Asks: 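Got a structure here, written out as structure tokens. Questions coming.
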Amino acid sequence: MKYLGLAYFTPEKFAAMAPDNVKDLISQCPALDEKMRATGKVLVSASLGDLDSWKTLRPRNGKTHISDGPYIESKEVVGGLFIIEADSHDEALRIASMHPAATLGEAGGWAVELIPMDFYLAR
């Protein structure tokens, strides 16, 4: 079974952190990412770009309308994603718990949402 992991953060909380604390937090991420990838179960791992460059595309009157994103109005924003292939839900939870947003960054409002995937198409 494949699972989508969405790594969230709270922009206001993250922006309120001292720059040295942010730098320290970010410096811990590569080792945790590598630990997760070392399971051999990670198919995709990505960090998303600056919110100011996001765009939202939606159909309107038969045409695609493009506006500034993010589309969803919320306190938390997706900052990264990963896809894992696990043999069980428990294994997926164990692997997802290795992601930096599941173990660090409480001050920045980090969290991970793990979602079973019904459909997956890769090139």
Side-chain angles (χ1 to χ4, degrees):
M1 179 87 181
K2 291 178 180 62
Y3 294 83
L4 171 64
L6 298 176
Y8 291 92
F9 73 102
T10 306
E12 293 79 19
K13 288 183 178 181
F14 206 70
M17 292 175 64
D20 286 345
N21 290 348
V22 171
K23 187 177 179 181
D24 179 55
L25 178 63
I26 300 301
S27 73
Q28 297 176 63
C29 293
L32 290 170
D33 285 333
E34 181 53 37
K35 179 180 175 184
M36 194 173 89
R37 283 192 301 273
T39 66
K41 301 284 186 164
V42 178
L43 303 177
V44 173
S45 180
S47 179
L48 303 182
D50 184 16
L51 293 174
D52 292 336
S53 64
W54 288 26
K55 299 294 179 197
T56 299
L57 292 77
R58 70 174 62 110
R60 221 180 248 160
N61 298 321
K63 295 182 180 179
T64 301
H65 178 74
I66 301 171
S67 61
D68 290 339
Y71 169 68
I72 297 173
E73 301 276 336
S74 75
K75 293 186 296 184
E76 296 175 326
V77 177
V78 176
L81 62 94
F82 57 92
I83 297 174
I84 57 177
E85 186 165 22
D87 296 328
S88 69
H89 188 72
D90 287 342
E91 181 183 38
L93 287 170
R94 181 182 60 76
I95 295 167
S97 71
M98 296 175 194
H99 191 277
T103 59
L104 303 171
E106 184 175 346
W110 284 10
V112 169
E113 186 169 25
L114 188 65
I115 307 164
M117 297 176 70
D118 288 333
F119 177 76
Y120 178 84
L121 176 64
R123 201 171 9 154

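Keep in mind that what you see is a predicted model, and the values were worked out from it rather than measured.
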Asks: Find out whether His89 and Tyr3 are in side-chain contact, i.e. whether some heavy atom of one side chain is under 4.5 Å from a heavy atom of the other.
Replies: yes

Asks: Decide yes or no for Lys55 and Asp68: does some side-chain heavy atom of the first lie under 4.5 Å from some side-chain heavy atom of the second?
Replies: yes

Asks: From Asp24 CG over to Met17 CE, what is the distance, rounded to the nearest 0.5 angstrom?
Replies: 8.5 Å

Asks: Quick check: do Val112 and Phe82 have side-chain heavy atoms less than 4.5 Å from each other?
Replies: yes

Asks: Taking atom OG of Ser45 and atom CG of Leu81, what is their separation to the nearest 0.5 Å?
Replies: 7.5 Å

Asks: Please list all pairs passing the side chain to side chain donor-acceptor pair (under 3.5 Å) test where one or both residues lie in residues 99-108, with sequence neighbours left out.
Replies: none

Asks: Do the side chains of Ile95 and Met36 get nearer than 4.5 Å, heavy atoms only?
Replies: yes

Asks: Determine, using the 4.5 Å side-chain heavy-atom cutoff (strictly less than), whether Leu104 and Val42 are members of one ILVMFWY cluster.
Replies: no

Asks: Identify, with sequence neighbours excluded, every residue that meets side chain to side chain donor-acceptor pair (under 3.5 Å) alongside Asp20.
Replies: none

Asks: CG of Asp50: more than 12 outside heavy atoms within 6.0 angstrom?
Replies: yes

Asks: Tell me the closest heavy-atom pair linking Val78 and Gly80, and the distance in Å.
Replies: CG1-O, 3.3 Å

Asks: To the nearest 0.5 angstrom, please state how far the NE2 atom of His65 sits from the CZ atom of Arg58.
Replies: 6.5 Å

Asks: Could you tell me the separation between the NZ atom of Lys41 and the CZ atom of Arg94, rounded to the nearest 0.5 Å?
Replies: 8.5 Å

Asks: Determine, using the 4.5 Å side-chain heavy-atom cutoff (strictly less than), whether Ile84 and Leu93 are members of one ILVMFWY cluster.
Replies: yes

Asks: Applying the 4.5 Å side-chain criterion to the ILVMFWY set and letting contacts propagate, would Met1 and Leu43 be lumped into a single cluster?
Replies: no

Asks: Roughly how far apart are Ser47 OG and Asp33 CG, rounded to 0.5 Å?
Replies: 8.5 Å

Asks: Going hydrophobic residue to hydrophobic residue with side-chain gaps under 4.5 angstrom, can you get from Tyr8 over to Leu114?
Replies: no

Asks: State which residue, out of Leu48, Thr10, Leu51, fulfils the side-chain contact (heavy atoms from CB on, under 4.5 Å) condition with Val77.
Replies: Leu51

Asks: Taking all heavy atoms of Ala96 and all of Ala102, pick out the closest pair and write down the distance.
Replies: O-CB, 3.6 Å

Asks: About how many Å separate CH2 of Trp110 and CD of Glu76, when rounded to the nearest 0.5 Å?
Replies: 13.5 Å

